[in-house]
Amino acid sequence: MGQDTVLEMKGIKKSFNQVDVLHGVDFSLQKGEIHALLGENGAGKSTLMNILGGIHQPDEGEIVLNGQPISMDTPRTSQEQGIRFIHQELNVVTDLTVYENLFLGAEIRNKWGMLNVKEMCNHTEEVLAKLGIYVNPKAYVRDLETSYKQMIEIAKALLKDSQLIIMDEPTTSLTDNEVGRLFAFMKSLKESGISIIYISHKLKEIQAICDRYTVLRDGSFVGKGTIENTDLNDITKLMVGKSVSTDALYHRNAIGEPILHVRDLTSDGNFQNINFSVSKGEVVGFTGLAGDGRTELFESIFGFRKKNQGTIEVGGQSVKINHPKKALQAGIGFVPKNRKENAIVKDLSVIENMSLSSIKHFEKKGWIQARKERHKFEDYQRELNIKVHNPKITIDSLSGGNQQKVVISKWLEVNADILIFDNPTQGIDVGAKNEIYQHIMNLAEQGKAIIVLSSEAPEILRICDRIFVMYQGELTGEFNREDATEELLMEYATGAKKGEKQVG
Amino acid sequence: MANIRTRTNEDRTLWKGINLNWIWSEYSVLIAFIIIFAVATIMNDRFLHFQNQMNILMQVSTIGVIALGMTLVMLSGGIDLSVGSVLAMAGVFSILSLNASESILVGVLTALAVGALAGFINGLLVAKGKIASFIATLGMMAGARSIALYLADGGSQAAEVGGFMYISNSALGAIDTPIIIFLFLTLIIYIVMQKTRFGRYVYALGSNEKATLLSAIRVDRIKIGVYTLCGLLVGVAALIETSRLNSISSSSSGNLYELDAIAAVIIGGTRMTGGKGKVIGTFFGVLLLGVLNNMMNLMNISPHLQGLVKGLIIIIAVLFQKRD
């Protein structure tokens with residue numbers, strides 16, 4: 001490595017509240033490379049990067065930047081060294097315009113101290129154009145799509161001169177086209193000598209863009225190498241510490257009678273003329289690109305969105321669902337996407353999150369029976385393998401996968417016949433992902449009708465009996481498991497093909 | 001109570017190292033209360049007298065009952081600025097109906113009904129009208145005061161039925177009735193928040209409204225319930241206040257009570273944005289303010305300066321609370 005090494009982190013140790021998060025991690029980065037930092041949730045990736053970004057201070061270990069030992073006391077020191085951190089969460093100020101966001105805290109001023117709007121707008125257009133994005137710099141960020149917001153977040157980091165960019169899952173809300181453009185841009189950055197640390201759970205992306213990788217597990221360094229000479233399965237093994245089978249999850253269940261019928265469901269501007277049905281014991285997938293309307297469709301079926309026409313029948317009975325409570329009474333459960341905003345109540349305990357939708361099961365003469373709640377939770381804890389040492393702590397201290405299992409247990413306790421999972425493995429590491437799939441299969445086996453929404457075609461292909469593709473608010477294709485391939489789904493999802501039914 | 005104790009023990013073993021932090025974050029209001037109480041004891045030897053202690057409780061009982069309602073509203077993520085004005089309005093209505101009917105029961109029910117109705121309207125505006133609670137209750141604050149002033153022609157209304165004043169001016173043993181009402185309601189609200197579905201939903205709603213709605217909970221009904229219950233408690237406070245003086249002033253009764261109630265809730269550790277906080281915290285917040293007032297009076301601090309001391313204590317108390 002020698003003189004090409006930009007950054008070296010040696011023996012970094014860090015603990016929070018006497019819990020060791022990093023046990024002496026080594027990490028090195030070369031000039032002009034894209035380096036994947038891999039590991040399950042909780043492996044210590046974010047902590048390591050926060051130390052590099054000056055957000056946390058290491059307990060032990062040193063950071064060597066361009067051959068000079070340096071201590072990153074504050075985020076500012078880190079930034080002054082040309083290190084840019086693109087966080088996973090969107091930190092844009094939605095009530096400001098695009099250019100105001102890009103220059104927030106670093107406004108260009110003329111000699112009178114007044115803002116130089118024109119120059120800032122020019123710079124904004126320039127940097128966004130490099131990312132292949134064309135928006136008016138004076139447009140308000142609140143009016144933009146999520147993917148644009150993420151691009152603005154990325155552009156913000158690129159505006160200033162940088163030598164090292166940390167990207168923490170930058171593609172979560174980007175469409176495939178945008179990911180492509182981002183990758184092209186990352187390559188040009190790389191050629192100009194900038195190093196990138198890339199954190200992602202999507203191994204395909206890693207394969208497409210990264211040069212080398214480092215894997216962390218449980219706060220320790222477990223392996224590194226070049227992407228070219230490595231099999232993705234080996235990396236997965238390194239991450240989880242054992243080999244995870246990616247197949248053999250799916251098995252066909254006995255499919256019962258149809259239980260949910262949706263007819264001519266339309267919501268202006270969101271989706272049009274949706275017709276489908278789902279049977280007991282069946283796993284049905286809905287996929288498409290961002291903006292295809294699938295989330296809106298199922299939020300409407302669940303009664304979260306009210307303005308729609310058409311009929312929904314559950315078990316042969318037409319039901320009017322104008323509130324999630326009505327959906328629950330009709331036997332529909334919904335595990336929403338964006339767990340943090342939509343699914344967990346962070347100030348309630350793990351147990352209380354489990355019982356939230358079915359509290360009447362735990363009441364006796366109007367009083368909540370805490371003991372009964374706890375016993376029931378212990379059942380689910382065993383059934384779903386929820387890892388929590390004390391279920392009375394608030395749910396936000398659990399890892400993403402365990403939080404998701406608690407959300408699932410909430411709907412199991414309701415005993416819904418139809419379960420809708422929107423993006424069920426968002427932000428969940430590989431091991432827990434497989435568990436979630438396994439639970440979904442088990443539920444189908446118990447005769448529940450399962451609907452899975454996901455923009456990741458491989459996820460849909462792994463577990464679904466039947467797959468619908470949506471494009472701009474319409475169902476453009478329907479496939480049986482045997483007929484579906486990733487390429488085929490993509491053709492329908494991008495609108496390249498539509499209309500013809502593939503199922504007899 | 002039992003489950004709270006187990007939680008304490010478990011947490012202790014788990015977080016041995018940060019034990020102090022934990023006690024501080026959960027009970028900072030209690031510690032602050034003990035400090036102020038100790039200072040008051042040292043500063044003035046009359047402070048600890050039983051009669052003085054009862055005076056303090058008597059003086060805080062009105063604000064205390066209101067602060068219980070405010071705790072609910074703030075836990076749900078809202079705020080109720082109308083409590084002081086609604087107190088005056090409920091008091092005026094109560095006296096008018098009392099004098100007209102010559103029935104104490106009618107007077108009592110009127111105060112409760114007017115308070116609850118005002119709260120219900122606040123709830124409707126917030127839940128169904130989707131108006132920010134600050135704005136909706138600001139409107140109610142102006143409106144209720146105006147109705148009170150109009151009905152009483154800007155002046156006071158005195159009760160003409162003899163027995164009415166015994167509601168506040170009576171005692172059970174050595175303890176005055178308003179104190180008993182305050183302690184009893186604190187216990188009731190505590191139990192409701194810890195042990196019933198309603199309480200659980202209020203915490204959930206304040207913590208994450210969208211997730212609560214997506215958990216198939218009638219969020220709007222919970223909101224209406226919270227404001228109505230707060231209004232009902234203001235009705236109770238109006239009764240205590242009106243009966244104690246046997247009259248109510250349409251212009252000055254209840255003035256700035258909303259600020260004292262909010263201060264007590266905040267000192268008690270309830271988070272401004274909702275979802276986190278305890279009824280017991282509010283209870284000690286109320287007592288802390290009461291002790292502070294009492295101490296300043298005993299020490300002959302100019303009434304013009306008392307506001308400054310109070311303001312400082314509120315800010316210091318909150319500064320030291322652990323925030324997220």
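So you know, we letter chains A, B, ... as the sequences are listed, proteins then strands, and number each from 1.
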Between Ala343(A) and chain B, which part of the residue has a heavy atom less than 4.5 Å away: side chain, backbone, both or neither?
-> backbone
Name the orientation class of the two ring planes belonging to Trp411(A) and Phe302(A) (parallel below 30°, tilted from 30 to 60°, perpendicular beyond 60°).
-> perpendicular
More than 12 foreign heavy atoms under 6.0 Å from NZ of Lys210(B): is that the case here?
-> yes
Give, as side chain, backbone, both or neither, the part of Tyr201(B) having an atom under 4.5 angstrom from any heavy atom of chain A.
-> side chain
Under 30°, 30 to 60°, or over 60°: which ring-plane class applies to Phe286(A) and Phe298(A), parallel, tilted or perpendicular?
-> perpendicular
Flag the pair Asp379(A) / Arg382(A) as yes when at least one side-chain heavy-atom distance between them is below 4.5 Å, and no otherwise.
-> yes
If one checks every heavy atom of Ser358(A) against chain B at 4.5 Å, the contacting part turns out to be neither
Identify which of Val407(A), Val345(A), Ile368(A) forms the greatest number of heavy-atom pairs closer than 4.5 Å to chain B.
-> Ile368(A)
Hey, would you say the Phe283(B) and Phe182(B) ring centroids sit under 6.0 Å apart?
-> yes
When the 4.5 angstrom heavy-atom criterion is applied to Lys360(A) and chain B, the contacting part is both
Heavy-atom distances under 4.5 Å only: say whether Glu352(A) touches chain B with side chain, backbone, both or neither.
-> both
